[in-house]
Participant: 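Before we start, here is the structure in question, set down as structure tokens.
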2 protein chains.
Amino acid sequence: MKLSCINISVDDSLFIKNPETTDLGKKIVENGISLMVELGYEAFTFKKLGEAIGSNESSIYRYFESKHSLLLYFVNWYWSWIEYRLVLQTHALQDKQEKLKIAIKILTEKVTEDKQISFVDEAKLYKIIMCEATKAYYIKEVDQENKKGYYRAYKRVVQRVSDMVLEINPEFKFPHMLISTIIEGSHNQYYFSEHLPSLTDVNNKNTNVVEFYTTLVQKVIS
Amino acid sequence: MKLSCINISVDDSLFIKNPETTDLGKKIVENGISLMVELGYEAFTFKKLGEAIGSNESSIYRYFESKHSLLLYFVNWYWSWIEYRLVLQTHALQDKQEKLKIAIKILTEKVTEDKQISFVDEAKLYKIIMCEATKAYYIKEVDQENKKGYYRAYKRVVQRVSDMVLEINPEFKFPHMLISTIIEGSHNQYYFSEHLPSLTDVNNKNTNVVEFYTTLVQKVIS
DNA sequence: TATTTTTTGATAGTATTACTTTTAATTTTG
DNA sequence: CAAAATTAAAAGTAATACTATCAAAAAATA
């Protein structure tokens, strides 16, 4: 599935100047993803990114307020992309069970190849989601940022899949809890499998995370 | 349950000088917990902690290498305490189901009062676990730190409860995955209920997190 | 009690981070 | 081609995350 024509849009409030509109902006996002994967969020700086793209620190600040904003941009891009895939792959389906099953697969599977949507490498982006995404909202400023709508894309995805759960079982009391549990859970499991294997049972091929959370949801909502 | 006689021991490698052995050390831990809750991990510094306890930054560095080490100390203290409670409250029980149920309660319930084990306020400590604990292992240095045994206490708890699952259903393939999912899940749910309520269904009294994860485990392993 | 050792406090210093500001050069657009 | 916008370079600031030194205070021990 290569669709270089479609565009994932990220909310205006997340950047000072839209990086999609210029070459430098695209470079910042593209190389920003690579460098953040390589160095990790803590060691990543705009100065280093500037050096990596042969540009200046101060130029990057004209696009993003801080590295935290850049992370928020990545996270929102990711969730917008997931939402797009969710709609595309489930919209036409009649069978509610099948619909939910596909949604769970999209939410819990590891992204291992670049799907080439615009200038973003989705496989690398997934690593940021897996390793760094929670740092975007486990912060003291979370309430203010939430008010500004910085987590909207994530919340929209949880709502969408929660609704699929309720379509199957309208009596079920904890759909959001269930869906956020499997999303965060799957990220943890892939991370644990790479770094803290005794906290998981994931095999080398990562094939059982999707399986585990799919049966989990089925059993829990029935 | 107040047992000021018992002592939670934290592995030697996690500090330079054992804070339990001196007044200053205890002050560092006690006020360190309060200040980290108050400011959040990112804004917390040893300089500020020094001011708070009327002591010097450099003196704190004689106990802990960095604020990251201090966080690791807190996290390990917490998991050692959980392990202690786990053993204490399940050891005498015969009924395997009952045993697991109590373990899940211990793992997923919010700690809201100071149980007064030594000089640590467990309710405040829980807030650190809920908001900051993942920052102790979602870092680039995770593999080296794991080799040094810095996450041992957490892994021991997961192993212990996974074993309880296997006692009930020896055929179950994903016990570690299940237990780490409910541990991390419950922390997320309490955090979401306070800051991102649309990601959860937790009510004001937080009563349904334990309920949700207890039924979840029961359904998944049967 | 005297003395040795350990612990702590105060001060200063370094390298890096996370920015902001200014100015000049370059590029884009009308 | 001129005006406007964008970018690069350099310098500056305040804070962080430490390290090092040295003297004072406290504790241990002989």
Side-chain angles (χ1 to χ4, degrees), chain A residues 12-32 35-36 38-74 119 132 135-136 139-141 144-145 150, chain B residues 12 14-32 35-36 38-74 119 132 135-136 138-141 144-145 150:
Chain A
D12 278 5
S13 59
L14 289 160
F15 44 73
I16 296 168
K17 185 189 164 86
N18 192 340
E20 285 179 53
T21 60
T22 64
D23 276 359
L24 181 64
K26 285 176 202 162
K27 263 189 182 176
I28 290 171
V29 172
E30 215 180 320
N31 295 273
L35 196 66
M36 197 178 283
E38 193 187 312
L39 302 176
Y41 183 73
E42 284 74 22
F44 174 91
T45 68
F46 279 1
K47 194 173 188 183
K48 290 173 189 168
L49 178 57
E51 277 159 30
I53 60 177
S55 179
N56 199 272
E57 198 188 359
S58 58
S59 306
I60 301 169
Y61 277 105
R62 284 197 197 87
Y63 287 83
F64 295 99
E65 231 179 85
S66 59
K67 75 167 162 176
H68 174 245
S69 311
L70 184 61
L71 178 62
L72 280 172
Y73 181 88
F74 294 159
F119 49 98
E132 323 288 3
K135 295 168 191 171
I139 50 169
K140 269 284 152 182
E141 302 77 18
Q144 303 146 50
E145 303 215 335
Y150 291 176
Chain B
D12 279 5
L14 289 159
F15 45 73
I16 297 169
K17 183 187 164 85
N18 192 341
E20 286 178 56
T21 60
T22 64
D23 276 359
L24 181 64
K26 284 176 204 164
K27 263 191 181 176
I28 291 171
V29 172
E30 216 180 318
N31 294 273
L35 196 67
M36 197 179 283
E38 193 185 313
L39 302 176
Y41 183 73
E42 284 73 23
F44 173 90
T45 68
F46 278 2
K47 195 172 186 183
K48 290 172 188 167
L49 178 56
E51 277 158 30
I53 61 176
S55 180
N56 200 270
E57 198 188 357
S58 59
S59 305
I60 302 169
Y61 277 104
R62 286 196 195 90
Y63 286 82
F64 294 100
E65 231 179 85
S66 60
K67 75 166 161 178
H68 174 244
S69 311
L70 184 61
L71 178 62
L72 280 172
Y73 181 88
F74 294 159
F119 50 97
E132 323 287 4
K135 295 169 191 171
Y138 271 90
I139 50 168
K140 270 284 151 179
E141 301 78 17
Q144 301 146 49
E145 303 216 334
Y150 291 177

Participant: Please report the distance, rounded to the nearest Å, between OH in A/Tyr61 and C1' in D/dA8.
Facilitator: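 Going from A/Tyr61 (OH) to D/dA8 (C1'), I get 16 Å.
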Participant: Is a side-chain N or O of A/Lys135 found less than 3.5 angstrom from the main chain of A/Tyr41, in a donor-acceptor match?
Facilitator: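 The answer is no, because no donor-acceptor pair under 3.5 Å joins these two groups.
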Participant: In whole angstrom, give the distance that lies between atom CG of B/Asp23 and atom C1' of D/dA27.
Facilitator: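 Taking atom C1' of D/dA27 as the reference, CG of B/Asp23 is at 12 Å.
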Participant: Are B/Glu65 and B/Ile16 close enough that some pair of their side-chain heavy atoms sits under 4.5 Å apart?
Facilitator: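 Yes, close enough: below the 4.5 Å cut-off.
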Participant: Using a cut-off of strictly less than 4.0 Å, decide whether A/Ser55 has a side-chain nitrogen or oxygen near OP1 or OP2 of D/dA8.
Facilitator: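 The answer is yes; a side-chain N or O of A/Ser55 sits under 4.0 Å from OP1 or OP2.
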Participant: Which is true for A/Lys47 with a 4.0 Å heavy-atom rule: it touches a base, it touches only sugar-phosphate, or it touches nothing?
Facilitator: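 If one applies the 4.0 Å heavy-atom cut-off, A/Lys47 turns out to touch nothing in the nucleic acid.
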Participant: Report yes if some heavy atom in the side chain of A/Glu145 is under 4.5 Å from a heavy atom in the side chain of A/Ile139; otherwise report no.
Facilitator: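 Touching, per the 4.5 Å side-chain cut-off.
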Participant: Which of these nucleotides, D/dC18, D/dT7, C/dG9, is closest to any side-chain atom of A/Ser59?
Facilitator: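 The answer is D/dT7.
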Participant: Could you state the atom-to-atom distance from CG of B/Leu24 to P of C/dA10 in whole Å?
Facilitator: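 Those two atoms, CG and P, are 12 Å apart.
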Participant: May I have the distance from B/Lys17 (atom NZ) to D/dA27 (atom C1'), rounded to whole angstrom?
Facilitator: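 In whole Å, D/dA27 C1' and B/Lys17 NZ are 11 Å from each other.
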Participant: Once you round it to whole Å, what is the distance between P of D/dT19 and CG of B/Asn56?
Facilitator: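 Result: 14 Å.
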Participant: Please state how far atom CZ in A/Arg62 lies from atom C1' in D/dA9, giving the value in whole angstrom units.
Facilitator: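 Taking atom C1' of D/dA9 as the reference, CZ of A/Arg62 is at 11 Å.
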Participant: Report the nucleotide, chosen from D/dC18, C/dT7, D/dT6, that has the shortest atom-to-atom distance to any side-chain atom of B/Glu57.
Facilitator: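 Within the option list, the nearest is D/dC18.
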Participant: Scan A/Phe46 against the nucleic acid and name what it touches under 4.0 Å (heavy atoms): base, sugar-phosphate only, or nothing.
Facilitator: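 Answer is nothing: A/Phe46 stays at 4.0 Å or more from every strand.
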Participant: Measure from NZ on A/Lys48 to P on C/dA18 and round the result to the nearest Å.
Facilitator: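 Rounding to the nearest Å, NZ of A/Lys48 and P of C/dA18 are 9 Å apart.
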Participant: Does A/Glu65 reach a base, just sugar-phosphate, or nothing at all? Heavy atoms under 4.0 Å.
Facilitator: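 It contacts sugar-phosphate atoms only.
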Participant: Would you mind classifying the nucleic acid contact of B/Phe64 as base, sugar-phosphate or nothing, using non-hydrogen atoms under 4.0 angstrom?
Facilitator: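 No contact.
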Participant: Roughly how far, to the nearest 0.5 Å, is the CG atom of A/Leu70 from the CZ atom of A/Phe44?
Facilitator: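 Spacing of CZ (A/Phe44) from CG (A/Leu70) equals 5.0 Å.
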Participant: Remember a base hit wins even if backbone is also touched, and classify A/Ser58 as base, sugar-phosphate or nothing at under 4.0 Å, heavy atoms.
Facilitator: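 The residue A/Ser58 makes base contact.
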Participant: For the residue pair A/Glu132 and A/Glu42, what are the closest heavy atoms and their distance?
Facilitator: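 Minimum heavy-atom separation between A/Glu132 and A/Glu42: OE1-OE1, 4.5 Å.
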Participant: Separation of B/Tyr63 atom OH from C/dT7 atom C1', in whole Å?
Facilitator: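 My rounded result for the distance is 7 Å.
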